[in-house]
Amino acid sequence: MKNQIRGSVKINVSGKNLYGFINELHKRRINCFGQYVKSGIFCAEVYRHDLKKMTALAEEMDLELKSFEQKTFSAEVIKRRGRYGIIVGIMLVIAASLYFSGVIVTIDIQGNERVSDEVILSALEEIDIKAGTPFGQIDYIYSENQLRLMVDGISWTGMHRTGHRLVVEVTEIVEKPDMLHDRIPCNITSSHDAEILYTSVLDGMLMHKVGDYVMAGDILVTGVTSDSTGRVTLHHAMGNIIGKYEETVDFEGEFTKERAVFTGETDTRRRLKLLNLEIPLYFGKNKYEYRECEITDKPFSIFGKTLPIKLEKTVYREIERTEITLEEEEVEKSLMEKIYLYEKNFLCDREIIDREITKNKSADSLILSVKYTLKGDICTQKEILVK
């Protein structure tokens, strides 16, 4: 460490009376380290401030001296002593580090699920808590109470400082679960024109048997029953009725489509972000009518610590819209993929007994009409209105 500050230089001395030169160094008490003689050359390491003395002594004794400065901290400082920008930069970094150590750089919100971060941050800003606010100006008890009163859905709040972060912990109000109205009197009606394949009734009275054909809206299980004395009882009809029914879905695709393609033109914009302050490092506006952008940012750090300063880079890529004409085979292939996705997402709880596809072609588009024969639940609950 001492050599890093004082600076050291390696020397090579060659010529006659080499040992006389070495003896003279010892007499003048010039410090040498790692000294040795090899092939008639004296090698050693000395402090930088002793180099002038040794150079003068070598000239007196008619010897050739070559020096090679070691890469040390002091050597780097001397090499760059005329570059005032580095000194100013270091001073600014130190000043920024001291400043940011006493203010809020980031606000970390924990414990929220239903209440969004944006709502909490907006409420904090109303009580003057935001990025750049000194920690010493925060009344934590007052702020915690105000935040709880300002934001609906929060039952408790807590705040504490961790380095340059303000950690806001919240506990949300536990809502009462919705009551399930499973005892409201109702009938079970048919959702489709269907042939009944299977019946199972848990409550109520079955109105149709297996093999019957029912229309959409017909009552399958009634929730109104009466006994031999004429007493009427209302039920919440429950059951499982499986039927076979038909359903037709149309899928349309156009032959001419408008697509976006890249022109190859790009525009790169950079801005310096300091807390909530943004400093643009560019001039003018982007003039692309249609564009796609990619945003990346690179935070600055010092001594392994990330500073609240980052360089944001936005790359705009120009897009132009162009029309393309598709062949019939391409459109049909695209529609078949849509049919597959429809069946996977919307018919997954039903059994497809049969599928009949009809193709209808016009000048502009292709329509695939799919007639499904399905097997599945046809029950729909319909509330009984009671006066």
Residue pair [X] / [Y], side-chain heavy-atom distance below 4.5 Å:
| X | Y | value |
| --- | --- | --- |
| Ile11 | Met54 | yes |
| His236 | Pro185 | no |
| Arg291 | Arg317 | no |
| Thr358 | Asn360 | yes |
| Val167 | Gln110 | yes |
| Ile154 | Asn112 | no |
| Met207 | Leu220 | no |
| Glu320 | Val261 | yes |

Excluding sequence neighbours, so at least two apart, what forms side chain to side chain donor-acceptor pair (under 3.5 Å) with Asn145? Arg148

Under the side chain to side chain donor-acceptor pair (under 3.5 Å) rule, collect the residues that match up with Glu24, sequence neighbours excluded. Arg28

So, the side chain of Asp193 versus the backbone of Ala216: is there a donor-acceptor pair under 3.5 Å, distance only? yes

Given Thr133, which of Asp128, Ile104, Leu124 fulfils the side chain to side chain contact (heavy atoms under 4.5 Å, CB included) condition? Ile104

Please go through [X]'s hydrophobic cluster and name the other residues, only I, L, V, M, F, W, Y counting, with side-chain heavy atoms under 4.5 Å joining them.
| X | answer |
| --- | --- |
| Tyr340 | Leu341 |
| Met215 | Tyr213 |
| Tyr316 | Tyr288 |

Check for me whether the distance between the ring centres of Phe251 and Tyr342 falls short of 6.0 Å. yes

Ring centre gap for Tyr245 and Tyr372 strictly below 6.0 Å: no

Gap between atom OG1 of Thr268 and atom CG of Leu281 - 0.5 Å precision: 12.5 Å

Which residues pass the salt bridge (charged side-chain N to carboxylate O under 4.0 Å, His left out) test with Arg29, sequence neighbours left out? none

Should the pair Glu323-Lys257 be classified as a salt bridge under the 4.0 Å nitrogen-to-oxygen rule? no

Presence of salt bridge, Lys313 and Glu294, under 4.0 angstrom: no

Would you say that more than 12 heavy atoms from the other residues, nucleotides or ligands in this model lie under 6.0 Å from the CG of Asp227, or not? yes

